[in-house]
Amino acid sequence: MKWLALITGLLATLVLAVALGPTRVPWPDLLHSPIVWQLRVPRALLGLLVGGSLGVAGASLQSLVRNPLADPFLLGLSGGASLGAVAAIALHLPGPWALPLAAFAGALLALGVVFRLGLVGGAELDPRVLLLGGVAVGAFCGAVTTAIVSLAEASELRNAYLWLWGGLSGASWDGVRVLLLYVPLPLAILFGAARSLDLVVLGEEPARYLGADVAAVKRRVYLAASLLTAAAVAAAGVIGFVGLIVPHLARALWGGRHRPLLPTSFLAGGALLLAADILARIVAAPREIPVGIVTALLGVPLFVLLLKRWTAY
Amino acid sequence: MRLAVHYAGWLLALVTGACGSSAVPRRGPAAHTGATRAIIDDAGRSVTVAVPARRIVSLAPSITELLFALGVGDQVVGRTTWCHYPAAALAVADVGDGLNPDVEAVAALQPDLVLLYRSALTEVAARQLHMLGIPAAILRHDRIEDVSRTARLLGGLTGAEAQGDSVARELDSVLAAGPVGGGGIPPRVAFVVWDTPPIVIGGGSYLDELTHLAGGDNVFGDVRSASATVSLESIAARDPDWIAILTDNASSSKPPSWSRRPEWQVVRAVREGRFLYLSGDLFGHPSPRAPLAVTTLRRQLRTAP
């Protein structure tokens, strides 16, 4: 019943995302209009994939580091991606895909450094080391980003920041195709680790006694979740709150077991981002609001409403 | 992306600028008369200036250009990093950024007048300069009428009344003449200054004013702010005849790299390669050369391929 509601909700949001927009496309033309086919449909699909990826990455990382505050960007990825993007702008890197590729490279770099830090001295991705490493790498990247931005012309700075706030305006079928090829593997790895994550949440010692190969699970989950996030950030910039709030909403409604939790987080993340993007596109039309602002405006009140239930476990 | 990135720089210049013709005849060096003049600047502050001002620091590219157009370029002792026009301005000492000025560097030049662009950021600097005993005036400089008004004001403060008046009169006459239409439907233009997310020039901006005077129609003229993030869908739906972009070198321009991105193909003008390359030098900020900008834009709008 819950599943039916969630899937219906997502499909309804998807239909609305295609039907609604800053320009009025008459209903009979909806299936022929290039505005719908070339802009709204790929944008809706991209929103679904990005929101879903952030939801799953957030849920997995929260369990991995056993910290309810963890979100996909906590471990330094947003800092790395931002640094990549700002460097691409500052260096005037050519080509239509320079920005997303540079952001992806930056995220991978941060991911690599944090991962390496997590293994220092045989620490085997100790959650505390990961969190501290992520914060440190993020802060370092942030400092370099700010240094670049402070030396750049003011309008370049503004544009870089606009990109960092996140948005789906760069959506195209090419982007959707790339994500459709990329996302299934890390998603499959995370879904496959659902049972082990149930154990890891209990603590690493108990998980080991219960037969989980904790070290291997942690590596797999960390890498898969980070790769999902890196793709999301390359496609749509840093969209906050989806990866933080959606897993908690899903837990509040579905409980903490990962086999239902991860797919739920995907569907709910996709739906939340789609809904936010519809508002971002239409409330101030023809102007557009950064979608990350809307995800916060929608997500935080939902979060507060469910806080009571959430604190119960 | 390079062009888009680089010339998005002009977006700010739109908000911050004026420029000037370097072809103005030079006057002799101004002599201090010991007189002072009290003005109310555009932030409503009262500023007392010893006239004529002989050591001026200009903290906006547009104001630097206007000063050179008034023929008092040799009274300018400091400029921002972004003051590139006219070429003679490059010889003036660079004090860094104009919106977030380095007050110490400005004060070190011992100016007798500092000119700042009006923004929340510059008020603090103006107050600090005032406390150091340096007269600092904040100027609004966003549209042709601002250039005209400022030309008279600065002419009076720098001992170039006649030149200030002549610059102002020429601008006023262009404004009074109104749009120079060629009949028929005005060509429709969208100024795209950034691609992800798409940022366009709205109404109330200098470029919107120029487009109107050149007999064109800015398709985002209904957007109140000088520039705005808009959805790509709106650009496609408003279907401009031209996409205007500001470039370094208008003669050897090629379409911006974002125009090759698949999602932009929904916009007819992008698909058909209908780009207007406007020299950032001439169009980048409010300028005493606005009449030339209007004529140039009008010619480009009418030479449809």
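The sequence lines fix the lettering, A, B, ..., with proteins before strands; numbering per chain opens at 1.
Shown here for A:G170 and B:R261, the closest heavy-atom pair between the two residues is O-NH2, 3.2 Å. Here the closest non-hydrogen pair linking B:S225 and A:R287 is OG-NH1, 2.9 Å. Looking at every heavy atom in both residues, A:S172 comes nearest to B:E263 through CB-OE1, 3.3 Å. Closest of all the heavy-atom pairs between B:A237 and A:T23 is CB-CG2, 2.8 Å.
Residue contact with chain B, scored on non-hydrogen atoms closer than 4.5 Å, is absent for A:R24. Heavy atoms of A:A171 lying under 4.5 Å from chain B belong exclusively to its backbone.
Between B:F220 and A:P286, the closest side-chain pair of non-hydrogen atoms falls below 4.5 Å. The shortest distance between side-chain heavy atoms of A:Q38 and B:Q265 does not fall below 4.5 Å.
In this structure, CH2 in B:W258 is found 15.0 Å from CG in A:L99, a value given to the nearest 0.5 Å. Interatomic distance, CZ of A:R40 versus CG of B:L232, reported as 12.0 Å (0.5 Å rounding).
More than 12 heavy atoms of other residues, nucleotides or ligands shown are found within 6.0 angstrom of OH on A:Y182. Remark: A:W37 CH2 is loosely packed, at most 12 non-hydrogen atoms of other residues, nucleotides or ligands lying under 6.0 Å away.
Under a 3.5 Å cut-off, the side chain of A:R281 and the backbone N or O of B:S231 do not form any donor-acceptor pair.
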